[in-house]
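FYI, side chains are in, hydrogens and waters are out, and symmetry mates aren't considered; it's all heavy atoms of this structure. Only a predicted model underlies this, so the values are computations on that prediction, with no experimental measurement involved. Below, chains carry the letters A, B, ... as their sequence lines are ordered, and counting in each starts from 1.
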Amino acid sequence: MHQVLNLNSAQRSAIKYLETPLLVIAGAGSGKTRVITEKIYYLIETAKILPNKIFAITFTNKAALEMRERLGKKLGPTVTTEMQVSTFHTLGFNILKHDPEAAGLRSGFTLLDDQDALNLIRSLTEAQASFNKMDKAEAEKIAAEISRFKNNLISPEQALKKQSQTNSPVSPVIIKFYERYTRQLKAFNAVDFDDLITLPVKLLKENIKIREYWQRQIDYLLIDEYQDTNESQYQLIKLLTEHKKAFTAVGDDDQSIYAWRGARPENIEHLKLDFPNLKIILLEQNYRSTRNILTAANYLIQHNPHLVQKKLYSELGDGEPIKIIHCPDENIEAERIVSDIIGHQFQNKTPLSNYAILYRGNHQAMLFEKQLQIHRLPYNLSGGMSLFSRSEIKDILGFIRLLGNPHDDAAFLRVINTPKREMGPISLEKLGLYAKERNLSLFSSFQEIGFQSQLGLKAQKTIEKVNLFLNLIKNTQRKINQNPNLLKNILEEYLEYLDYYAHLESLSEDPLVIKKRYENCLFLIQLVDELGKNSLKDSAGLCELLNRLLISQTQEKEVLDKEKNQDLGKITLSTLHASKGLEFPYVFLTGLEEGLLPHQNSIDSNTVEEERRLTYVGITRAQSNLTITLCTHRNKFGEKIKTTPSRFLNELPTEVLYVEGELSNNQTEQKKVNSQKLETLKQLFKK
DNA sequence: TCCTTTCGTATTTTT
DNA sequence: TACGAAAGGA
């Protein structure tokens, strides 16, 4: 029998417990990932469950990849490839792909990313005779409402019914949009990201055969970050496990920071009700942080109501007190933190990757960036735009999508006028109208004589240019069907044909940006080529390839990883949200001011508890040193405004705090202190 | 149709 | 302040 070493008793029992459904409440830094991977190992080695019957669900591709990596080290690559480690969305996609017709789709359906979805919603107003496109903010609101309906598994009809019965706060206009949007997706044979969960739920609910098929596939299910599940994801879990009831959910209610995106931490409570013999195990020993840091975290989170009482403890010693620094304003805050890092790094020869600066909103990052650039310190910025939402990538992706399915209207709209072919919104509206009347795709409509004569004589040039482009697509399709391996060449030729480099040059002045963007294009081509190497049979197969690319941006990760490994010497700049799951020896938690953390909107909408959890997440990122900063004044929309210290500061125990002298409230004085410090450092560096 | 100016508005983000 | 989107001119 396999021995599990170096684990505490709670971890061990979480790994070995198989009798009933299990919920593991895993505090920050309690070795959660370790427990999941060890459990999988245990399931295979001791419980003798076949690897391909073990499913593990995560929220992000990053987490899925990480888990795979860890398992690979332990179990070897062959076992790992058999295992089903995937995100919710990938699992949903696989379920849909297995039986597309039963889910009301045709095979080769298109996956719209949220930008496409947003554009689709915006285009719905145009057709509604009001000629002005709705503004972006409005569309985003509607998209969010639609998403909320979907996450709660409410169909347009149900929404309408509910609307008429109760005085629901959602306007009938939005439900109308929801209904039209759904119809439109169906017409395109397209799904959005939410559909990747909701359609499988519907399918499994209604179709016993398919439900039983999937239940048979899964002998044991593990769910990571359970507190982040929304209603539809929870239903999916329930449907997949209701037969065998063999699963482990791992989560932490105190780290639930995505309620605004539909996550329902109360699903922890639902699990108890739906599975009465649910076993709950708490992981409370923290292996990450010193005692002082954990004391602060425990005190803070105690101010939130709890269903399950949990108290993290550490055996790593008291460590340093938590430093609190008041700064006159945000510029000095940034200066101060950066100079502290420089000083500390110089004295201790610590790698820069040991430092993290955390903040509530992305706009705060700019100041830190500026300071780091001044001092030529390399940094890693969290978030940023995903490769797939970059415009240059969308241009190529749109072309590939059209090759896979010329009737993909969203893709058509994306590429038809980039670079400019004199096909502006007016002609496009005519085209859209023409297409709608005849129930044709934009691609087909444009080629009809009837439409081209509608455009009139002035548009001869436009027609010529667009036709040239449409013919290119048709010819390229033919080429791919003859030899799918030519894809790479074809795409490279396409860039040249477009004179895409020149196009990029017209968009930006910065030669570095232009180069980077062009490299992104080449990278994408490489990616598509590798992904399609052995699986691509014809142009229609491009659809699935692209869907996989959109759901799992995994390949991008590989490149990023290479970069990351090279830059062990980079400071991390991250939002609090993006910092979840990470850890750093030295953490700076910035901007603890009312209105910023907690954010003003959360104060207005009574969701300060989530902000407290966000702060809790921030504190528990720190391993040995935590510095909290706040400013007495902060520029807000161009105006300097006096701030109030965050209420969270009062919720920390004074005995673990070291508050730096209030005397430096004076701006000029603080500036002097900063520059003096830098001077001494410069002297030191010279030696 | 496209380029420039002006205006309005401001969390968090993954798939 | 700083960005993106609406509006107005060529």
Side-chain angles (χ1 to χ4, degrees), chain A residues 57-64 86-93 111-117 122 132-140 144 147 150-151 191-198 225 228-230 232-233 256-263 330-331 358-367 370 382-386 388-389 417 419-428 458-459 461-462 465 506 547-554 574-581 591 595-605 607 610-611 613-615 617-618 634-641:
Chain A
I57 308 180
T58 61
F59 270 85
T60 63
N61 288 302
K62 198 177 145 209
S86 68
T87 62
F88 267 104
H89 295 266
T90 306
L91 176 64
F93 177 74
L111 174 62
L112 300 187
D113 67 16
D114 30 328
Q115 199 133 81
D116 294 329
R122 291 181 81 174
N132 290 331
K133 221 175 180 183
M134 87 172 84
D135 63 25
K136 206 182 154 200
E138 176 87 18
E140 272 165 358
S147 181
K150 289 194 179 193
N151 287 334
V191 296
D192 63 19
F193 278 120
D194 293 328
D195 288 331
L196 290 177
I197 316 289
T198 57
E225 303 283 7
D228 288 341
T229 51
N230 61 34
S232 63
Q233 286 159 340
S256 162
I257 52 174
Y258 287 109
W260 54 274
R261 215 167 65 187
E330 71 271 24
N331 291 306
L358 308 181
Y359 39 82
R360 174 67 236 253
N362 280 315
H363 62 277
Q364 290 170 263
M366 277 180 23
L367 296 159
K370 204 172 111 195
S382 83
M385 229 198 298
S386 124
F388 291 85
S389 54
N417 206 28
K420 302 274 182 294
R421 291 189 187 85
E422 288 162 55
M423 187 76 190
I426 297 194
S427 315
L428 279 176
K458 273 183 288 179
K461 231 171 148 186
T462 308
K465 281 185 180 170
S506 75
N547 288 345
R548 294 234 172 251
L549 208 62
L550 276 184
I551 314 170
S552 62
Q553 315 193 346
T554 45
S574 172
T575 62
L576 286 163
H577 281 92
S579 76
K580 194 168 84 160
L596 189 60
L597 186 63
H599 194 275
Q600 188 56 47
N601 293 0
S602 80
I603 298 171
D604 298 341
S605 64
T607 51
E610 181 147 311
E611 301 284 305
R613 291 193 289 266
L614 199 53
T615 310
V617 166
R634 188 176 285 272
N635 274 315
K636 235 177 181 181
F637 314 139
E639 240 184 321
K640 201 160 207 179
I641 289 178

If the cut-off is 4.0 Å, is T90(A) near the phosphate of dT15(B), judged by side-chain N/O to OP1 or OP2? no
Of the listed dT11(B), dT13(B), dA10(B), the closest approach to the F637(A) side chain comes from dA10(B)
Compare the ring of H599(A) with the six-membered ring in the base of dT11(B) and state whether they stack (centres under 5.5 Å, planes under 30°). yes
For H599(A), enumerate each residue passing the ring pair (Phe, Tyr, Trp, His ring centres under 6.0 Å) test, keeping only those at least two apart in sequence or located in another chain. none
Could you tell me whether D228(A) contacts a base, only the sugar-phosphate backbone, or nothing, with contacts defined as non-hydrogen atoms closer than 4.0 Å? nothing
Quick one: ring pair (Phe, Tyr, Trp, His ring centres under 6.0 Å) partners of Y258(A), sequence neighbours excluded? W260(A), H577(A)
Residue whose nearest DNA chain B nucleotide is more 5′ - L614(A) or L550(A): L614(A)
Kindly determine whether F59(A) and T87(A) satisfy side-chain contact (heavy atoms from CB on, under 4.5 Å), including the steps that lead there. CA-CA 5 Å; F59(A) 270 85; T87(A) 62; over 6 Å; no
Take atom NZ of K150(A) and atom P of dT15(B), then tell me their distance rounded to the nearest Å. 18 Å
By the 4.0 Å heavy-atom rule, please label F59(A) as base, sugar-phosphate, or nothing. sugar-phosphate
How many whole angstroms separate atom OH of Y258(A) from atom P of dT11(B)? 16 Å
Using the test side-chain contact (heavy atoms from CB on, under 4.5 Å), find all partners of N230(A) that sit at least two apart in sequence or belong to another chain. N151(A), S232(A), Q233(A)
Rounded to whole angstroms, how far apart are CZ on R360(A) and P on dT12(B)? 7 Å
Kindly say if N61(A) contacts the phosphate of dT14(B), meaning a side-chain N or O under 4.0 Å from OP1 or OP2. no
Distance, rounded to the nearest Å, where H577(A) contributes NE2 and dT13(B) contributes P: 7 Å
If the condition is side chain to side chain donor-acceptor pair (under 3.5 Å), which residues does T615(A) pass it with, not counting sequence neighbours? none
Please tabulate, one pair per line, each protein N/O and nucleotide N/O from nucleotides 2-5 of chain C that are separated by under 3.5 Å, including the distance.
from	atom 1	to	atom 2	distance (Å)
dA5(C)	OP1	K136(A)	NZ	3.4

Rounded off to whole Å, could you give me the CZ-to-C1' distance for the F388(A) and dT13(B) pair? 17 Å
Can you check the N635(A) CG to dT1(C) P distance for me, whole Å? 9 Å
What's the CD1-C1' distance between I57(A) and dT14(B), to the nearest Å? 16 Å
State which residues pass ring pair (Phe, Tyr, Trp, His ring centres under 6.0 Å) with Y359(A); sequence neighbours excluded, sorted by chain then number. none
I need the CD-C1' distance between E225(A) and dT13(B), as an integer number of Å. 14 Å
F193(A) has its side chain closest, among dT13(B), dT15(B), dT11(B), to dT15(B)
Tell me whether W260(A) and dT11(B) count as stacked here, given that the ring centres must be under 5.5 Å apart and the planes must differ by less than 30 degrees. no
Does a side chain donor of either D604(A) or Q600(A) reach within less than 3.5 Å of an acceptor in the other side chain? yes
Closer to the 5' end of DNA chain B via nearest nucleotide, is it T462(A) or S605(A)? T462(A)
Hey, is the side chain of N362(A) poking within less than 4.0 Å of OP1 or OP2 on dT13(B), counting only N and O atoms? yes
When you look at K150(A) and D192(A), which way does the salt bridge (charged side-chain N to carboxylate O under 4.0 Å, His left out) test go after all the steps? CA-CA 10 Å; K150(A) 289 194 179 193; D192(A) 63 19; 2.8 Å; yes
